[in-house]
2 protein chains.
Amino acid sequence: MSLATDRGKPQAADTPTLYKQIRLDIERRILTGEWPPGHRIPFEHQLMTRYGCSRMTVSKALSELAQADLIERRRRAGTFVRRPKFLSAVLTIPDIRAEITALGRVYGYQLIKSARRAANAVDRERLGVRKTGKVVAISCRHSADGVPFAIEDRLIDLDAVPEAATADFASEPPGTWLLHHVPWTEAEHAISAIVADDPTARALDIATGAPCLVIDRHTWRSERTLTAVRLVYPGESHKLVARFKGSLEERPRQSSPAQIMQ
Amino acid sequence: MSLATDRGKPQAADTPTLYKQIRLDIERRILTGEWPPGHRIPFEHQLMTRYGCSRMTVSKALSELAQADLIERRRRAGTFVRRPKFLSAVLTIPDIRAEITALGRVYGYQLIKSARRAANAVDRERLGVRKTGKVVAISCRHSADGVPFAIEDRLIDLDAVPEAATADFASEPPGTWLLHHVPWTEAEHAISAIVADDPTARALDIATGAPCLVIDRHTWRSERTLTAVRLVYPGESHKLVARFKGSLEERPRQSSPAQIMQ
DNA sequence: GGTATCGATATGTCTATACATATTCGCGGT
DNA sequence: ACCGCGAATATGTATAGACATATCGATACC
């Protein structure tokens, strides 16, 4: 029971803490398939004995695994390895300006059109709101080293985000401004493919009929629509990359490369 | 300090546990912007007093928020609201057979080609391996109610997944078989757009030049490549939907609607 | 001015204990 | 055979106390 020997003493630099050892040990057994989905993990009592520690410590390890959705805990019944329902991936969609800058390229931004108006039927449909209210409608283009990177078409609900009325979207892209000024609780991304029509092709400097990747993003705060945006990327030269690591890695100090790669 | 009054007594059905109240309270302040990114959350000591509980209880609430990446805790310095670095979303890509079945439609599957061979240069490039080894190459098509849904082109590394040599991919799609038989630790999805060339258009029963959504997925187990797959969907009729809820919702008993919607 | 050191401090981990609560299981009655 | 009920049990929450550890800041030294 080597794990139990050094309790209370200072740890060597390479041995993680006890609950982390337990968590990693269980995680390893799950990921290698030694404990397949549906398998019942030993009771906390047995794990206490196995690792020579208190129940709280075992419980902490299991709680984190449960929060990460690797296991499921049921009172009286026990703890079970979760059945993977689907492949999932964390899709990180960075602010476009930050993304291009991180790639070491010169970010360019052009405001094409910005208008404040009462929401018409199309606007209300896009925002998913019933009541008429004021909105800001923005069209703009992002570029990297002078090459068109994406075009953006955005609506902001001014009733939900009144500060947007005074923001200067000529100098700062609306996505960047929103990310830094408006907290949100929920977002939905719909990713699809289209072929470029004439205006889109001109704006992106690609051929009419070329494929484009489209992200439609809708953002809410507490059930309230904040903004709806459509981003159109040249489709063959840009990829949206989502990487999923087995849920419990230590967070690196500095992380996250640009996610949309050329 | 009403939160402190009923400690130890049985709770009413509607009041959650103490640490959850604390967690939700802090989460609310963060999401409403009352505590903006970078703001220092009161010390555990102060929170103990505010909520009238022990330090362990406060710590448990904060630990969960830290695991959900809403806050960052630093020894000696304190606990801070995290700066949102980018919009992120959990992209769930279900098994195609399960997905179509969940939509209440009839799943159809056709194996187009299945071959076992020594990995050639193209295969090694796709799998990202240096050594030559045996692979299985599979082409197949998924359909819903008889309408083509996606075409799949897959390589499986037989050295990493020897069981794949005896699997029957004529009756079961390789994605389904792998999901149920092979545990994985890491996956990467690259999403892009293409226009359909002639063979693709014929296979999907769409026009040549129509947009298609492409998912290239690479799956590893402990640094070891397992499989690489390219899925091509008709791009205008299918969307990949990713929804991100602010991290702290209770998990529903039954969840997750189909993610690729028509 | 620059640098090494050290104490203060906030979080991190762990223990032992207690009681709450959900759920299963088996028993006993109908 | 069925149902209701209570006992058993595994997890869930909470406590007080202890010590570990990283790091911020100030002090002392060069």
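All chains are named by letter (A, B, ...) in the order of the sequence lines, taking the proteins before the strands, and each is independently numbered beginning at 1. Small disclaimer: the values here were computed from a predicted structure and weren't measured.
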Original post:
So does A:Arg74 get a side-chain nitrogen or oxygen closer than 4.0 Å to the phosphate oxygens (OP1/OP2) of C:dT23?
Top reply: no

B:Leu62 atom CG is separated from C:dT13 atom C1', nearest whole Å, by 15 Å

Closest to the side chain of A:Phe43, out of D:dT11, D:dA14, C:dT11, is D:dT11

The residue, B:Ala77 or A:Ala77, whose nearest nucleotide of DNA chain C is more 5′ is B:Ala77

- Does D:dT13 have OP1 or OP2 sitting under 4.0 Å from an N or O in the side chain of B:Lys60? yes

In whole angstroms, the gap separating P of D:dA16 from CG of B:Leu18 amounts to 12 Å

Between CD of B:Gln21 and C1' of D:dT13 the distance, given in whole Å, is 12 Å

Here the distance between atom P of C:dT11 and atom CD1 of B:Ile71, to the nearest Å, is 10 Å

Side-chain contact check for B:Thr79: nearest option of D:dG17, C:dT11, D:dT13 is C:dT11

Rounded to whole Å, CZ of A:Arg40 lies from P of D:dT9 at a distance of 13 Å

note: B:Phe80, atom CZ; C:dT11, atom C1'; distance rounded to Å ~ 11 Å

Comparing nearest nucleotides in DNA chain C, the 5'-proximal residue of the pair A:Arg76, B:Arg75 is B:Arg75

**Prompt:** Do A:Glu44 and A:Leu62 come within less than 4.5 Å of each other through their side chains, counting heavy atoms only?
**Reply:** yes

Does the side chain of A:His181 come under 3.5 Å of the side chain of A:Glu163 through a donor N or O and an acceptor N or O?
-> no

Margin query: I want to check one thing: is the phosphate of D:dT15, taken as OP1 and OP2, less than 4.0 Å away from some side-chain N or O of B:Thr57?
Written below: yes

B:Arg55 (side chain) and C:dG12 (base): donor-acceptor pair under 3.5 Å:
yes

- Any A:Lys20 side-chain nitrogen or oxygen under 4.0 Å from OP1 or OP2 of C:dG12: no

Taken to the nearest whole Å, CZ/A:Arg73 to C1'/D:dA10 is 9 Å

Taking every heavy atom of B:Ala170 against every heavy atom of B:Tyr109, the minimum-distance pair comes out as O-CE2, 3.6 Å

Picking from C:dA18, C:dT11, C:dT15, the nucleotide nearest the side-chain atoms of A:Cys53 would be C:dT15

Among D:dA16, C:dT13, D:dT13, the one nearest any side-chain atom of B:Ser59 is C:dT13

